[in-house]
There are 2 protein chains.
Amino acid sequence: MPRKPKQDRARATVDAIVEAGFIALSQRGPAATTTRHIAEIAGVGVGSLYEYFENKEAIFSAMSQRFIADTAAMIKPLTPTLVQMPIDSAIRMLLNEFRNFLGRDDGRYLKCVRHAMAVDFELHLDPLFQVLNNVIMRYLTGHPETLRVSRIPAITYIGINGGIFAVIRHLSDPDPLVSFDEMADGLASMIGHYIEQELLLLRGVAE
Amino acid sequence: MPRKPKQDRARATVDAIVEAGFIALSQRGPAATTTRHIAEIAGVGVGSLYEYFENKEAIFSAMSQRFIADTAAMIKPLTPTLVQMPIDSAIRMLLNEFRNFLGRDDGRYLKCVRHAMAVDFELHLDPLFQVLNNVIMRYLTGHPETLRVSRIPAITYIGINGGIFAVIRHLSDPDPLVSFDEMADGLASMIGHYIEQELLLLRGVAE
DNA sequence: TAATTTTCCGAATTGAATCCGAACAAGCGT
DNA sequence: ACGCTTGTTCGGATTCAATTCGGAAAATTA
């Protein structure tokens, strides 16, 4: 039963532990990140970890919370700028800021997020990508007019990755803000509209 | 140094182990899934696990590969049907099939995928969602004409989830098929075009 | 300063992952 | 069928990391 820190010294210890967690995880990976390691990097005894954290998982959980809070804090001040930009520029800016943020401190956050998302999964995703790419390829050759729309590879990449993650997130979400059908309809419409708009632009240029 | 199975009996053992992995993981969760548990469910001795798998992780890895292969096999026969549907219907169908697939065997796959993706992460994602929703909310109120486009909640949900995952996947991808800028441009254009198309449709209806 | 609370520690405990060598089965040439 | 080699299974013994615990040190309070 972990305690809440009451003194500044203790708060510093908690902070050092979380910070050490990020360092250890990014340097050694999740398997090699032992409690002794974290304690050593933090400059505290192993026992101290358990003064404030239920177990090792709880340390990772605290790290996750810290990461999300930092991300939110990074975005918040951008809000006024973002809202008065064209929407596509805003999205581009947001993505770039997020990338830079993940790359800070020699990519410490990025490395941690990869582990946290069990990205070893990624390697095995290839066969699925192949099948889906095949579907898309055949679709395009079967509808020659669509071959001229721009950014096909990028849209494919986003559609597949985003689609997979969105479905899994949604099915894991205890209280989703939109129904599954709404989400499916949204993704379908988004890509459908994209194609339509592109064809429209192409026709406009042709005339 | 694990061996490759040369006899049918051994192949059956490997299969039983992987299958037991799915059962154990879906029933008990990742923390409570011990090697003895897997061995017991598979009906083999603990030692046998290490005949064909480097370690416990390797079993999970094999499970992941199996899962992806099964998913691809599920989609492949749909290809002919998909390619002659309108693109939005095809996407809807794909998403539904994927959902049903994950739900098979009392959601065994879904439970495993959740664990594999370290879904405890999910709980902490909330603050980030709030900030981003706030940005979107302010944008919408600042551009009243966009308030009438349909599926705003769904597009938001997909944009945020899909965007986050796509960025992280991309930054983890050793050999991405598209550059980061292309991907950012793709996501920006996709949502931008969606809005344009919606506004176009709205204008069309108004006239 | 003494009493009390908070914090820190690291040796000892516990339990799961992994190893290993003996026992059992299958293939194979004679 | 029989011995020999190779493939397979097993579960007790070993190893190593997570967690506990009881007391020392530091801070706070009286």
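All heavy atoms count here, side chains included; hydrogens, waters and symmetry mates do not. Residue numbering restarts at 1 for every chain, and letters A, B, ... go by the order of the sequence lines.
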- Query: Would Thr79(A) and Arg138(B) count as having a side-chain donor-acceptor pair, cut-off 3.5 Å?
  - Reply: no

- Message: Within the 4.0 Å heavy-atom criterion, would you say Thr34(A) contacts the bases, only the backbone, or no part of the nucleic acid?
- Response: sugar-phosphate

- Are Arg114(B) and Ser172(A) linked by a side-chain donor-acceptor pair shorter than 3.5 Å? yes

- Message: What's Tyr52(A) touching, base or sugar-phosphate or nothing? Going by heavy atoms closer than 4.0 Å.
- Response: sugar-phosphate

- Message: If only side-chain N and O atoms count, and only distance matters, is there a donor-acceptor pair under 3.5 Å linking Asn133(B) with Tyr157(B)?
- Response: no

- Note on the structure: Terminal axes of the helix from dT1(C)-dA30(D) to dT30(C)-dA1(D) (5 end pairs apiece), angle rounded to 10 degrees, sit apart by 10°

- Message: What's the separation between atom CZ in Phe67(B) and atom NE2 in His124(A), rounded to the nearest 0.5 Å?
- Response: 13.0 Å

- Query: Roughly, in whole Å, what's the span from CD in Glu57(B) to C1' in dA16(C)?
  - Reply: 14 Å

- Query: Should the ring pair His193(B) and Tyr194(A) be called parallel, tilted or perpendicular, given that the plane angle runs from 0 to 90° and is split at 30 and 60?
  - Reply: parallel

- Query: NA contact type, Gln7(B), heavy-atom cut-off 4.0 Å: base, sugar-phosphate, or nothing?
  - Reply: sugar-phosphate

Would you give me the side-chain donor-acceptor pairs under 3.5 Å for residues 99-110 of chain B, sequence neighbours excluded?
from      : atom 1 : to       : atom 2 : distance (Å)
Asn100(B) : ND2    : Asn96(B) : O      : 3.4
Arg108(B) : NH1    : Glu19(B) : OE2    : 3.0
Tyr109(B) : OH     : Asp70(B) : OD2    : 2.4

- What integer distance in Å separates Arg11(A):CZ from dT6(C):P? 12 Å

- Note on the structure: Atom CD1 of Ile17(B) and atom P of dT18(C) are separated, to the nearest Å, by 13 Å

- So does Arg3(B) get a side-chain nitrogen or oxygen closer than 4.0 Å to the phosphate oxygens (OP1/OP2) of dT8(D)? yes

- Query: If you find the nucleotide of DNA chain D closest to Val46(B) and the one closest to Lys4(B), which residue's nucleotide is nearer the 5' end?
  - Reply: Lys4(B)

- Message: Can you work out whether Arg36(A) or Gly45(A) has the more 5'-proximal nearest nucleotide on DNA chain C?
- Response: Gly45(A)

- Query: When you measure from the side chain of Ser48(A), which nucleotide among dT18(C), dG7(D), dC8(C) comes out closest?
  - Reply: dC8(C)

- Message: I need the CZ-P distance between Arg9(A) and dT7(C), as an integer number of Å.
- Response: 8 Å

- Does Glu198(A) use its side chain to pair, donor to acceptor, with the backbone of Ile195(A) at less than 3.5 Å? no

- Message: It should be established whether Thr13(B) places a side-chain nitrogen or oxygen under 4.0 Å from OP1 or OP2 of nucleotide dT9(D).
- Response: yes

- Query: Rounded to whole angstrom units, what separation is found between the CD1 atom of Ile38(A) and the C1' atom of dA18(D)?
  - Reply: 11 Å

- Interatomic distance, Glu51(B) CD vs dA23(C) P [rounded to whole Å]: 16 Å

- Item | Atom-pair distance (CD on Glu54(B); P on dC19(C)), nearest Å | 7 Å

- Item | Phosphate OP1/OP2 of dT20(D) contacted by Tyr50(A) side-chain N/O (<4.0 Å) | no

- Message: With a cut-off of less than 4.0 Å, is there a side-chain N or O of Thr35(B) near OP1 or OP2 of dA17(C)?
- Response: yes

- Item | Rounded distance (Å) that lies between atom P of dC28(C) and atom NZ of Lys6(B) | 12 Å

- Message: Whether the side chain of Glu51(A) engages the backbone of Ser48(A) through a donor-acceptor N/O pair (distance < 3.5 Å, no angle test) should be reported.
- Response: no

- Item | Closest nucleotide among dT18(C), dT7(C), dC9(C) to the Lys56(B) side chain | dT18(C)

